[in-house]
Amino acid sequence: MGDLENSKLQAMRHSLAHVMATALTNLWPEVKLGIGPAVDTGFYYDVDLGSKMLTEEDFKSITEEMRKVINADQDFEQYDLSIGEALKWAKSNNQTYKTNLLNDLKRSGTTVAKDLEAAELGTITEGNSAVETVSFYKNGEFTDLCRGPHVESTGKVGAFKLMRVSGAYWRGNEKNAQMQRIYGAAFDTKEQLNKHLEMLEEAKKRDHRKLGQEMDLFLFSELVGSGLPMFTPRGTVLREELASFSNQLRQKHGFQKVWIPNITKTDLYKVSGHWDKFGDELFLVESQETSDKFALKPMNCPHHNQIFASQARSYREMPVKYLETTTVYRDEKSGELGGLSRVRAVTQDDSHVYCRSDQIEQELNFLLADANELYKTVNMRLRVRLSYRDDSDAYLGTKELWETAQKQLKNAVVKSKLDYFEQDGEAAFYGPKIDFMATDALGREHQLATVQLDFVQPERFELEYTGEDGKKHRPIMIHCALLGSIERFLSVYIEHSAGKFPVWLAPEQVRIITVNQEDSTVQFAQELLERAIKLNLRATVDNNNESVGKKIRSSEILKIPYTVVIGEKEITSGNLAPRIRRDMEVESDLETFQADHFLITVANEAVARVDKTTLYDGDRKL
RNA sequence: GCCACCUUAGCUCAGUUGGUUAGAGCGACUGUUUUGUAAACAGUAGGUCGUCGGUUCGAAUCCGACAGGUGGCUCCA
């Protein structure tokens, strides 16, 4: 989409916010308006209706009122007022939020206007000079403080649908009053809107919480507590296959597995500096035997540092690389939890490199290659953001160190051929980083993997190695998680794949169904199962007293990739006609198999992590 | 943590304006059937209606608190 079209769409969406505000004012004249910008897929307006609580049932009347405003095709007229006059307008209309905005604009030298507000209000930030005049838009009887731009008239606003209402703090600050935010989706055409709504529908069908239950992957229990997922045998297969893939990739590059306990004395975090950073998020553990204070680990690096520091290190053994898939615990605020995407027990496929500053690039090459391979295998497009420091003093470590590190970061990324962009001021205070963005089958972007350089922890823990010169040197640390957190990754991946896992990840790869329960049939099925298990396949026999159709159905519901039916025919011929999950692409000559040939083919497919699944494509429903 | 909404059997859901023993489908179990590529038939067992408290002659239904969930906000990356 071109910039021009894009800005037209933005104007249209923003105009719809005004149309909605007009409708709300018509319906509830006492409404106080906050701000109403265009967003990604539509628009919203924050409003204060006093004690009136909007629900989705109000959408019908609001939408009808909006239709009236649209049908009246009122012109959007722009005019300027001095700040003083604008304040009078706000006061006489009892628009206290607008008064608040105008007062800030008046002394804009001191205003910290958020980007959204700046765009919405047209705050002139250059030179920090106070604003003297402000822009208004009027349509029909409705007037609003607004920079625009708008479409010419209310009749030209495209297709929209009110989506939901939720709470939102005035100016995004939790100390301020809470307003009601009404969201609408809006697009140029009805078709585009429908396509968007269809995508949301599809997303709902794939919701990992729904599939997690249907496919028996994971669960929560009120007795265990919120944000603490448990995984069934099926879900655990997914976790372990993913983790072992992620580990294998790095083990090929010299990473070694380590193991650490899940709790530690809090002193560890006083040394690392995390004590202050984590604050309330730290789960504290009380010892009944000693006076030591413990905490559940919220990250692994300080523990790993102890392993590194346990010996005198030579430059010859650098880099030292540790790997561990382990769970960290963070006490998130209750309202922030949701499904597997935000949990309180987070399993990271964590790794740490301790290296010399001249080895950064080489190590990054490895990690980028690993990330590339992992995301290629799970069929997600990857792009990266290089997050650098800016000129402020908010960073630790020398400028020279930052410069050489950032240069190596960029070299490695260029070499990896990944799409990338660079951003100053996005680095952590302790080092620059690479953030990976993975795009799922519905086009949504997720941040999963990260690679971060760290100049601070080696300092805090006084990590060192002896150089060629016989002197002590500080290593650089590189933190890396390829999946990020397994829980979060699964929340994304289950929706990405809609639960149609490729063979290597499928909790159950082959299901053997018997046509009847006669001894010969069951025995043949049992023997086939044994051969499958010898090939490390995850297979089961279903010899329940049910119709074949019924048993096929339950196999389909579990999205098992291959289902074979065993009856008279198979027993006599020794050939199988596997039923292949519908989304998988198959070469035509693979339709009937000699039994062992079939099992070996599937086993090879699993080992090679071949992915035959076809992903969602908006125009082609699967 | 804040705002709104939600919580009835393992799952998905009915349940009139508060009124006897709270229903259905799927699943589970038992029996009949011996099944050929997405649902055979019959029967049985499952619920202190999330928990605690209140209003009422009477509460799944009304009110409150708490827990859990959902959508946002804030946070986090």
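As the structure is a computational prediction, the values presented were derived from the model and not from experiment. Chain A is the first sequence line, chain B the second, and so forth, proteins listed ahead of strands; every chain is numbered from 1.
When distances run from any side-chain atom of A/Gln213 to the nucleotides B/C11, B/G36, B/A40, the shortest one goes to B/C11. Considering only the side chain of A/Arg582, B/A38 comes nearest among B/A38, B/A77, B/U34. Listed nucleotides B/G36, B/U35, B/A38 differ in distance to A/Asn545; the shortest reach to its side chain belongs to B/U35. Picking from B/A40, B/U34, B/A38 the nucleotide with the shortest atom distance to the side chain of A/Glu546 gives B/A40.
When the C1' atom is used for both B/U7 and B/U21, the distance is 25 Å, rounded to whole Å. B/U17 and B/G54: their C1' atoms are spaced 22 Å apart (whole Å). With both ends at atom C1', the span from B/U12 to B/A28 equals 16 Å, rounded to whole Å. Nucleotides B/A4 and B/A60 have their P atoms positioned 26 Å apart, rounded to a whole Å. Here the separation of B/G43 from B/C26, taken at their P atoms, is 12 Å to the nearest Å. B/C63 and B/C11 have their C1' atoms separated by 31 Å, with the value rounded to a whole Å. Atom name C1', nucleotides B/G23 and B/A14: the rounded distance is 7 Å, in whole Å. Taking the P atoms as reference points, B/C73 lies 42 Å from B/A59, given to the whole Å.
No hydrogens or angles were tested; on distance alone, a donor-acceptor pair under 3.5 Å links the side chain of A/Arg342 to the base of B/C75. Side-chain N/O atoms of A/Asn544 and base N/O atoms of B/U35 include no donor-acceptor pair closer than 3.5 Å.
From A/Leu528, atom CG reaches atom CD1 of A/Ile512 across 4.0 Å, with rounding to the nearest 0.5 Å.
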Kindly list each side-chain donor-acceptor pair under 3.5 angstrom involving residues 275-284 of chain A, sequence neighbours excluded, with atom names and distances?
none

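Counting any heavy atom pair closer than 4.0 Å across all strands shown, A/Glu281 reaches no nucleic acid atom. Here A/Glu570 lies in heavy-atom contact (under 4.0 Å) with a base. Heavy atoms of A/Val548 sit under 4.0 angstrom from primed sugar atoms or phosphate atoms, though from no base atom. Using a 4.0 Å heavy-atom criterion, one finds that A/Lys210 contacts no nucleic acid atom at all. Residue-level contact check: A/Gly567 touches the bases, meaning some heavy atom is under 4.0 Å from a base atom.
Distance A/Lys205 NZ to B/U12 C1': 17 Å, rounded to the nearest Å. Following rounding to the nearest Å, A/Leu558 (CG) and B/C11 (P) show an atom-to-atom distance of 17 Å. The distance between atom CG of A/Asn543 and atom P of B/G36, rounded to the nearest whole Å, is 16 Å. Nucleotide B/G36 holds its P atom 20 Å from the CD1 atom of A/Ile512, rounded to whole Å. Atom P of nucleotide B/G31 and atom CD of A/Gln517 are separated by 11 Å, given to the nearest angstrom. If you measure from atom CG of A/Leu223 to atom C1' of B/G50, you get 12 Å, rounded to the nearest angstrom. Look at OH on A/Tyr562: it is 17 Å from C1' on B/U37, rounded to the nearest Å. Nucleotide B/A77 holds its P atom 8 Å from the OH atom of A/Tyr430, rounded to whole Å.
Shown here are the side-chain contact (heavy atoms from CB on, under 4.5 Å) partners of A/Glu527, two or more places apart in sequence or in another chain: A/Gln523. Applying the side-chain contact (heavy atoms from CB on, under 4.5 Å) criterion to A/Asp419, with sequence neighbours excluded, gives A/Arg383. Remark: A/Asp440 engages A/Arg444, A/His446 in a side-chain hydrogen bond (donor to acceptor under 3.5 Å, both in side chains) (not counting sequence neighbours).
A sub-4.0 Å separation between OP1 or OP2 of B/G27 and a side-chain N or O of A/Lys550 is present. The shortest distance between the side-chain N/O atoms of A/Lys551 and the OP1/OP2 oxygens of B/A40 is not below 4.0 Å. Residue A/Ser547 places at least one side-chain N or O under 4.0 Å from the OP1 or OP2 atom of B/A40.
Cation-pi geometry between A/Arg13 and A/Phe187 is satisfied (NZ or CZ under 6.0 Å from the ring centre, within 45° of the ring normal). For the pair A/Arg385 and A/Phe421, the NZ or CZ position fails the cation-pi test of under 6.0 Å to the six-membered ring centre and within 45 degrees of the ring normal.
A/Leu101 and A/Gly34 make their closest contact through CD1-O, 4.5 Å (heavy atoms, listed as atom of the first residue, atom of the second, distance). Residues A/Glu445 and A/Thr439 come closest through the heavy atom pair CG-OG1, 3.8 Å.
Contact check on A/Glu202 versus A/Lys205 returns a salt bridge, with a Lys/Arg side-chain nitrogen under 4.0 Å from an Asp/Glu carboxylate oxygen. Using a cut-off of 4.0 Å between Lys/Arg side-chain N and Asp/Glu carboxylate O, A/Arg342 and A/Glu336 are scored as salt-bridged.
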Quick tally for nucleotides 67-73 of chain B: nucleotides whose base has a protein heavy atom under 4.0 Å get B, sugar-phosphate-only ones S, the rest -, giving SSSSBBB
Next item on the list: Dump the intermediate steps for ring-ring contact (aromatic ring centres under 6.0 Å, His included) on A/Tyr183 and A/Tyr44, then the final yes or no.
Entry: CA-CA 4 Å; A/Tyr183 281 97; A/Tyr44 69 78; 5.6 Å; yes
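Both A/Arg579 and A/Met179 lie near RNA chain B, and the one whose nearest nucleotide falls closer to the 5' end is A/Met179. Nearer to the 5' terminus of RNA chain B, by closest-nucleotide assignment, is the contact made by A/Val565 (compared with the other of A/Glu332 and A/Val565).
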Note, RNA chain B 5' to 3' with Watson-Crick or G-U pairs under 3.5 Å encoded as ( ), [ ], | and . gives (((((((..((((.....[...)))).(((((.......))))).....(((((..]....))))))))))))....
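Syn is the classification of B/G46, since its glycosidic angle stays within 90° of 0.
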